[in-house]
Protein chains: 2
Amino acid sequence: MNLADVARRAGVSSATASRALSDHPHVAAATRERVWQAARDLEYVASPDATGLARGTTGRVAVVVPHLARWWFGAALEGLSGALRAAGLDLLLYRLGDPAARQAFFDELPARRRADAVVLLGFGVDERERERLDRIGVGIVAAGTRVGSHPSVSIDEYAAGRQAMDHLLHLGHRRIGMIVAADPDLDLAQPAGRSAAYRAALADAGIDPDPDLTATVTWSPECGARAMSGLLGLARPPTAVYAHSDEIALGALRTLRRAGYRVPGDVSVIGIDDHPLAAITDLSTVAQPAAEQGELAARTVLAGLAGEPVDPIVTVPTRLVIRGTSGRPPGPGAS
Amino acid sequence: MNLADVARRAGVSSATASRALSDHPHVAAATRERVWQAARDLEYVASPDATGLARGTTGRVAVVVPHLARWWFGAALEGLSGALRAAGLDLLLYRLGDPAARQAFFDELPARRRADAVVLLGFGVDERERERLDRIGVGIVAAGTRVGSHPSVSIDEYAAGRQAMDHLLHLGHRRIGMIVAADPDLDLAQPAGRSAAYRAALADAGIDPDPDLTATVTWSPECGARAMSGLLGLARPPTAVYAHSDEIALGALRTLRRAGYRVPGDVSVIGIDDHPLAAITDLSTVAQPAAEQGELAARTVLAGLAGEPVDPIVTVPTRLVIRGTSGRPPGPGAS
DNA sequence: GTGAAAGCGCTAACAG
DNA sequence: CTGTTAGCGCTTTCAC
């Protein structure tokens, strides 16, 4: 059931069969049909390996991710995979969880001969890794992070942070806490942008930032819960909390409710992401389109492969979603 | 930077270079070292396509999933990818979201020449699809579902359901609602097992099932919320609800809280999964190890590839996790 | 122990 | 329009 069989059955040479099957121009319509029929009869499926060898391409794109179980990654991967599949490209998944896997990946660069392009999904790289990446020889595009000067698609972290902070400020909050999500796997620019937004928003409102109001934790609801406890233990706790992610915000919410605080009566909470559970938890947040980022990354890859010019930096918009966890600060006596 | 270059640099034939690099027996130690050194110098990476062509294998396994953004799938994929990576196998991801993609996949069977095995992750197939699958010519293993007589790894759906139901029953509940999660992509056996557990547990407790207490919805928190509203609208609402998944349970919880019911004071809720957010939501549930299922599926694939005998059916244990959403039913006057 | 040569399945000139 | 002829990069008998 390989090309030779098909060719034999159709009574042509394998060269002609190849041309017919790949819709080359100079093939007689009748011949083409005969070949296709033979292929169908034999349930022929071309071997991409052989095709790739001969053609010098692989028909695959490698996708590198640090996590899979977190919402953003799954959603982005969905967008990515859909667009690649539509283009007939296979998706090779490299999940680099621990440092060892990571190290091995960048040392051996297995993607080099296995894919026509690689996309880094929410995968921040350090100096050494970026340097290794340059030797990979195929196009690279980043999604959710920036990687050197490679094309990338992501949200505007700073703007997203401002949407959240400005919302809180407009509501009248003056004492706002921030829970920073520091994920070693993500681009450092991400928390940086979100934190910068916090400081800038405060400054614009003429508020002196209180360092005690900032807590830095790793990315998990449990850590968010803990950070919130810390904030609550302050002499003057915040009346609102801006979390770098919904998962963290959800953790904070739990602490608040357990401690008997009313949300948003006593303290408001806002996150970033619009995680699917944010809707049913009634969490105010700044929505970012994850699947769309994946899809745009795929388009960028496709354009690059086709030799078309590509946008070096595409930014997707975020949107403030006001739900039930953000409200006016408790007045000093007012309703 | 291909084998020929390495061979030249090491001063041997490419045949010898090949043997040395693939750790074949009859190669002089000195030669082997020389070849490896040359390979390192040149940063040589073998082309798996060429290797595969020559050897008749691909070094890849195809993984088919219906979703990616849902917790179980991401977690299972993590386990799977880790184990495959450790074995040096690449992972080809096929996300078959819509019916069209699905149809195309089973018609064309692209995985046929592209992978040495395929694993269906939480991917239930119908009769026709299963028949097509048999023509694929490579080993198939299922995880989270059963697929024909192919090897599979999953939990015992019925047992998991019993753990949840028996817990509620022991607590003293007699009027228990069930929210069935019907996911067209999943094996039908899944909701079937969980539903059977409901009926059997009730029967064992001598309770007549009330058909009104069963709601069937598709898999999403919103649907869970809606189903709960329905249950609450009953003349005699349940004192406890057994949801087929945590995501649904979380939706139900929201409805309950919004409607002013105390949980578990007025009504108890239990789910299945132990979703990461279940912990911070304080949701009682039956935990199932998702990553482990993926990992065991990978082991099964590996064993099959190695020609070793494989367990046709491996079942991983589930565990009742009692948290804050399940408690005694409201007594008719007691505390 | 090592080299020469023949392919794996397909594509791409180059002739006809 | 179609067949012939070379490879793509690697592995593998089969000799030496």
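Residue numbers begin at 1 in each chain, while the letters A, B, ... track the order of the sequences.
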Undergrad: Let me know the distance between CZ of B:Arg114 and P of C:dC10, rounded to the nearest Å.
TA: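 The answer, rounded to whole Å, is 12 Å.
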
Undergrad: Over how many whole Å does the gap from B:Leu42 atom CG to D:dG9 atom P extend?
TA: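 Whole-Å distance recorded here is 14 Å.
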
Undergrad: Counting the atoms with a prime plus P, OP1 and OP2 as sugar-phosphate, which does A:Ser22 contact under 4.0 Å by heavy atoms, base, sugar-phosphate, or nothing?
TA: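 Result for A:Ser22 = nothing.
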
Undergrad: Can you check whether B:His24 has a side-chain N or O nearer than 4.0 Å to OP1 or OP2 of C:dG1?
TA: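 Answer no for this pair, as no side-chain N or O of B:His24 is under 4.0 Å from OP1 or OP2.
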
Undergrad: Distance criterion of 3.5 Å, no angle test: do you see the side chain of B:Arg19 paired donor-to-acceptor with the base of C:dG3?
TA: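 Looking at the base of C:dG3, it does pair with a donor or acceptor on the side chain of B:Arg19 (distance under 3.5 Å).
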
Undergrad: One thing to verify: whether B:Arg85 and A:Asp98 come together as a salt bridge, which I'm taking to mean a side-chain N less than 4.0 angstrom from a carboxylate O.
TA: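 Salt bridge: no.
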
Undergrad: What's the closest nucleotide to the A:Leu3 side chain, out of C:dT2, D:dT2, C:dC10?
TA: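 The answer is C:dC10.
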
Undergrad: Look at the side chain of B:Ala15 and decide which nucleotide, out of D:dT2, C:dG9, C:dG3, has an atom nearest to it.
TA: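 Between D:dT2, C:dG9, C:dG3, the one nearest the side chain of B:Ala15 would be C:dG3.
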
Undergrad: Looking at B:Arg60 and A:Asp90, is there a salt bridge between them, counting it only when a charged N and a carboxylate O are closer than 4.0 Å?
TA: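 No, this pair does not count.
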
Undergrad: Salt bridge between A:Arg114 and B:Asp49, side-chain N to carboxylate O under 4.0 Å?
TA: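 Salt bridge absent between A:Arg114 and B:Asp49.
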
Undergrad: Starting at atom CG of A:Asp49, determine the distance to atom C1' of C:dG7, rounded to an integer number of angstrom.
TA: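 One finds 16 Å between C1' of C:dG7 and CG of A:Asp49, rounded.
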
Undergrad: Report yes if a side-chain nitrogen or oxygen of B:Thr16 is closer than 4.0 Å to either non-bridging phosphate oxygen (OP1 or OP2) of C:dT2; otherwise report no.
TA: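 B:Thr16 to C:dT2 OP1/OP2: no side-chain N or O under 4.0 Å.
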
Undergrad: Can a side chain N or O of B:Ser47 be found less than 4.0 Å away from OP1 or OP2 on D:dC8?
TA: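 It does not, given that no N or O in the side chain of B:Ser47 lies less than 4.0 Å from OP1 or OP2 of D:dC8.
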
Undergrad: Ignoring backbone atoms, establish whether A:Ser13 has a side-chain N or O less than 4.0 Å from OP1 or OP2 of D:dG3.
TA: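 For D:dG3, OP1 or OP2 has a side-chain N or O of A:Ser13 closer than 4.0 Å.
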
Undergrad: Among D:dC1, C:dG1, C:dG9, which nucleotide has an atom closest to any side-chain atom of A:His26?
TA: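 Shortest atom-to-atom distance from the side chain points to D:dC1.
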
Undergrad: At what distance, to the nearest 0.5 angstrom, does CG of A:Leu80 lie from CG of A:Leu296?
TA: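 Here the interatomic distance stands at 10.5 Å.
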
Undergrad: Return whichever of B:Arg55 or B:Ser14 has its heavy-atom-nearest nucleotide of DNA chain C closer to the 5' end.
TA: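 Its nearest nucleotide being more 5', the pick is B:Ser14.
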
